[in-house]
Protein chains: 2
Amino acid sequence: MGNDARKPTIIDVARESGVSIKTVSRVLNGEPYVNRATLDKVMKAIHDLGYHPNMSARTLAGKRSYLLGHLYGDPAGPYTMEIQVGLLNRCRARGYHLLIEEIDYRGQDVERRVRAVLDWLRPDGVVLTAPITDEPRVLSVLTESGIPLVRVTAESGGDTFSSVWIDERQAAAALTRHLLSLGHRRIGLIKGPANHGATERRHLGYRDALAELGIAEDPDLIEHGAFTFPSALPCAERLLSLPEPPTAIFACNDEMAAAVIVVAQARGLSLPDDLSVAGFDDCPIASMTWPPLTTVRQPMRKLGEEAADLLISRLMERPRGDATVPHRLVSHDLVVRASTAPPKAQNPARRRTRKAG
Amino acid sequence: MGNDARKPTIIDVARESGVSIKTVSRVLNGEPYVNRATLDKVMKAIHDLGYHPNMSARTLAGKRSYLLGHLYGDPAGPYTMEIQVGLLNRCRARGYHLLIEEIDYRGQDVERRVRAVLDWLRPDGVVLTAPITDEPRVLSVLTESGIPLVRVTAESGGDTFSSVWIDERQAAAALTRHLLSLGHRRIGLIKGPANHGATERRHLGYRDALAELGIAEDPDLIEHGAFTFPSALPCAERLLSLPEPPTAIFACNDEMAAAVIVVAQARGLSLPDDLSVAGFDDCPIASMTWPPLTTVRQPMRKLGEEAADLLISRLMERPRGDATVPHRLVSHDLVVRASTAPPKAQNPARRRTRKAG
DNA sequence: CTGAAAGCGCTTACAG
DNA sequence: CTGAAAGCGCTTACAG
C-alpha cells in the first residue's frame, strides 16, 4: 500500500522515447540492427522510468522463462550448497534466476516429481548435481522432455549430456601418492555409496597410485560408507580394529574423514602421529577438525559458475538443434594440512587403549 | 525435439469437459460455487490430459506470481540452508515455488539489489533470514514496496513485521544453567557480531542465569566473535590465556564452539575434563566434533516450514489490508552431549603445555 | 533499421 | 452456479 504508482511497462518506455514497443523490445533483448541514437533514447527512457521488464509476460509471449532449475538430491549438504552459490552468481550476472527443487531420488515417484517441476515451472535449462547426476529415472524424464541440461561432477565423457567436472580419479591418485610419499604403505579407503559415480572414480585413483609402487590393494582396507558422517563411524572402527591397522586412512569426502578423526580420538590415538587422515572436497568442515584435514579442494563455487555459464550460453544461441555436447574440466588442488604426517610407530593402534594419555 | 505434442491449455480442458474456461479456472483456483458434477468432469479432464496451468499466464493475468523469495545474507551457511529446506517443503506442498537470492548486506547497493529482485521477480511474499532480518536498508525497501514478509528468528515483538522465532534468551539461559549446575562458575562467553540481533538476546540469557545464582558477569570472560569458525579462534585463545581461565565456554553458535574445541585441543587440554564447551543451533557440525557438542537445538527446518506457512496463509486471504502481524514461537531443546562435564582441576589450563599427554 | 497486428494462457470484473 | 469479453505485458512472425 502507499505506492499505487503503477509499474512502468514497455508501452510507457515506447511513449517516453518516441518509438514503437517492438523497438524497445529489441533493445531489451540486445538484438542487432538498432540505430545507435534510437538505442540511446530507449536506454535513457528505461533508466528514467526505472523500468524492469515483466518476466511473466516475457515468458508467456516468448518461449523462454529466464529460469534455471537446480535439481538436487542432497538437501542442505555443504557441497551442493556451495555449487548453488556459484549458480546464483552467474544467474544474477546474466539475467537469469534460480529455482531450486529437491528431488528425493530414493522415493517412489521420482519421475512424477521431475515432470511436475518441468511442467509447472518450465525452466529454460536444468542443472543436476551429484548424487542425482546418474539417476536413470531423472535422466530419462529430462531426456524425453528435451530440456537442455548440464550435470555437475558426473562422468566426463559421453555425447548425451553436457557436464562440468574435475578429474576425480587423478585427484584421488594425487592424494594417495601424497600419503605414499610420507611413507604410508597400509592406507585404508572409505568409499562412498555404490550408486554414486564419484565412488568408483576415486577408488580407481587410489588403486592407480598404489599400482605405481607395485602395491596390491588389500581388500581388508576397503570400507563402504555413504558420504555421510555417521556412515563412516563403523568403517573407521573396523579399520582401526584390524590386526594390522592402516597407518593412514583416505576417506572419500571430508565428512567421512571427520568421522575417522572422531573415532581415532575416542580411541585415544594421537593425530597425525598415530594415524594420518585425508578427505576429499575441502568443505568447511575440513578446516574445523583437529587436526585440520589434508584434502582435495574441489572448487565448488567455480563448478557452479561454469555450469550456469555453459547452460546459459547454450540457451542464447538460437539453433538449439546442434549436436555439440560441451564439457568443461575444472582443475583441483591438493591441500596439505596437519592431519597427514609420516607414520611413527609400527603399530600405533595397538600401542594405546581407550584412555587418552 | 521429439515431443512436438503441444502442452494442453485451459482451452483444451474446457473443450474436453464441455464447460467454459472460466469454470475450469474456478476449479483450478478452488473457488466455491462450482457444481459437484461439473467439478468432477473438469477434474477428470485435467487428469486425463495431464494438464498443468501455465504459471506465467497466471501471474500475468492475475496479480500473483506463486513465488516466494528467500533473501539471505549468509550463502551456504548450514543454518540458512536448513531453513531453506523447510521453506521448500511447504512451498511444494502448497503450490508455491521458491526463488533464492543472496543479498550482500555489507555491499554498497543493498537497496538497489533488493529492489531489483522485487521488480524482476515480483514474488508474492518474502522470507528474510538472519543476519539480514534486522538490516535497516533491506527492511526499508521491503516496507516501502508493501510486500508481505516474514522474518525468521528476529525480535519477537513489534507490530510492523511478522516473524517466526525461538526464545533465544531463554534457551541461552537454560544452557548456562546447565553449565552452572555442573559446577562451573567461570563461564566464558563468545558472542556474535554486534549488528546481529541474536547476539544480544543470547548474551541476556547468559546473564539471566548467572544472576539467578547471584554471580556478577566478569567482563574478561566476554569475547566478540562473528558467528564464524575463524572468528572464534582468537577469542578462545584469549579466554584460555587468562590468568584465571574459564572452566567452561559457551560459544553462541556451533561453528564457534567447534573453534574452541580446536584451540583447546591444540593446547593439549583434555575435553571435557579440562574444559567444557557448549554451542548453539545444533547444526551438523555439532555432532562432528570430538567430543560432540552440548548445544541448543533450533528446529531449523521447522522454522522454515512455519515461515512459509505463515506467509502463504496470509497471501491466500484476500483482504491484504488487515493489520494483524502474526508471530509464531517455535520451541527449542537443550541437547546435552559429551562436551560438557563437571570441572575437574582447579586450574586446568595451567596444568598442561602445548604438548598433548 | 523500424513498426502494426496477432497471440501467448490465463484471470478479472461484469452479466446472467 | 456458469459464461463471453477484455486485458495482463510482452514476443513472434511478417512487412516495409
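None of the values given here were measured: they were computed from a predicted structure. Each chain gets a letter, A, B and so on, in the order its sequence line appears, and its residues count up from 1.
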message: Expressed as a whole number of angstroms, how long is the span from Asn35(B):CG to dG3(D):C1'?
response: 15 Å
Give me the distances for all protein-to-nucleotides 7-10 of chain D N/O pairs that come in under 3.5 Å?
| unit_1 | atom_1 | unit_2 | atom_2 | d |
| --- | --- | --- | --- | --- |
| dC8(D) | O2 | Ala61(B) | N | 3.3 |
| dG9(D) | N2 | Ala57(A) | O | 3.4 |
| dC10(D) | OP1 | Tyr51(A) | OH | 2.7 |
| dC10(D) | OP1 | Asn54(A) | N | 3.4 |
| dC10(D) | OP2 | Ile10(A) | N | 2.7 |
| dC10(D) | O5' | Tyr51(A) | OH | 3.1 |

message: Rounded to whole Å, how long is the line connecting atom CE of Met55(A) with atom P of dT11(D)?
response: 13 Å
task: With P as the reference atom in both, quote the distance from dC1(D) to dA13(C) in angstrom, rounded to an integer.
output: 22 Å
- prompt: Considering only the C1' atoms, how many Å lie between dA4(D) and dC10(C), rounded to the nearest integer?
  reply: 15 Å
query: With a 4.0 Å cut-off on heavy atoms, is Thr59(B) in touch with a base, just the backbone sugar-phosphate, or nothing at all?
result: nothing
Residue pairs, two or more places apart or on separate chains, that pass salt bridge (Lys or Arg N to Asp or Glu O under 4.0 Å) and touch residues 13-22 of chain B: Asp12(B)-Arg15(B)
- request: Could you tell me the separation between the CZ atom of Arg15(B) and the P atom of dG3(D), rounded to a whole number of Å?
  value: 15 Å
field: ring pair (Phe, Tyr, Trp, His ring centres under 6.0 Å) against Tyr72(B), all qualifying residues, sequence neighbours excluded
entry: His70(B)
field: 4.5 Å side-chain heavy-atom contact, Leu149(B) and Phe161(B)
entry: yes
task: Take Arg301(B) and Glu82(B), measure what salt bridge (charged side-chain N to carboxylate O under 4.0 Å, His left out) needs, and give me the verdict at the end.
output: CA-CA 5 Å; Arg301(B) 292 195 184 198; Glu82(B) 282 290 338; 2.7 Å; yes
task: Ignoring hydrogens and angles, tell me if any N or O in the side chain of Ser17(A) forms a donor-acceptor pair with the backbone of Val13(A) under 3.5 Å.
output: yes
- request: Using a 3.5 Å limit on both pairing distances, list the dot-bracket string of DNA chain C from the 5' end; Watson-Crick and G-U wobble pairs count, crossing pairs take [ ], interstrand pairs take |.
  value: |||.||||||||.|||
Tabulate atom names and distances for all N/O pairs under 3.5 angstrom spanning the protein and nucleotides 14-16 of chain C.
none

query: Counting only heavy atoms not in Glu31(B), do more than 12 fall under 6.0 Å of its CD?
result: yes
- request: May I ask you to verify if any side-chain N or O of Thr23(B) is less than 4.0 angstrom from the OP1 or OP2 atom of dG3(D)?
  value: yes
- prompt: Is there a side-chain contact between Lys44(A) and His47(A) (heavy atoms, below 4.5 Å)?
  reply: no
query: Does Arg58(B) make a cation-pi contact with Tyr66(B), if we ask for NZ or CZ under 6.0 Å from the ring centre and within 45° of the axis?
result: yes
message: Can you tell whether the side chains of Arg328(B) and Asp309(B) come within less than 4.0 Å, N to carboxylate O?
response: no
Indicate every side-chain donor-acceptor pair of residues 95-104 of chain B with a distance under 3.5 Å to a residue at least two apart or in another chain.
| unit_1 | atom_1 | unit_2 | atom_2 | d |
| --- | --- | --- | --- | --- |
| Tyr96(B) | OH | Arg64(B) | NH2 | 3.4 |
| Asp104(B) | OD1 | Arg106(B) | N | 3.2 |

field: Qualifying residue for side-chain contact (heavy atoms from CB on, under 4.5 Å) with Leu68(B), from Leu88(B), Val126(B), Leu315(B)
entry: Leu315(B)
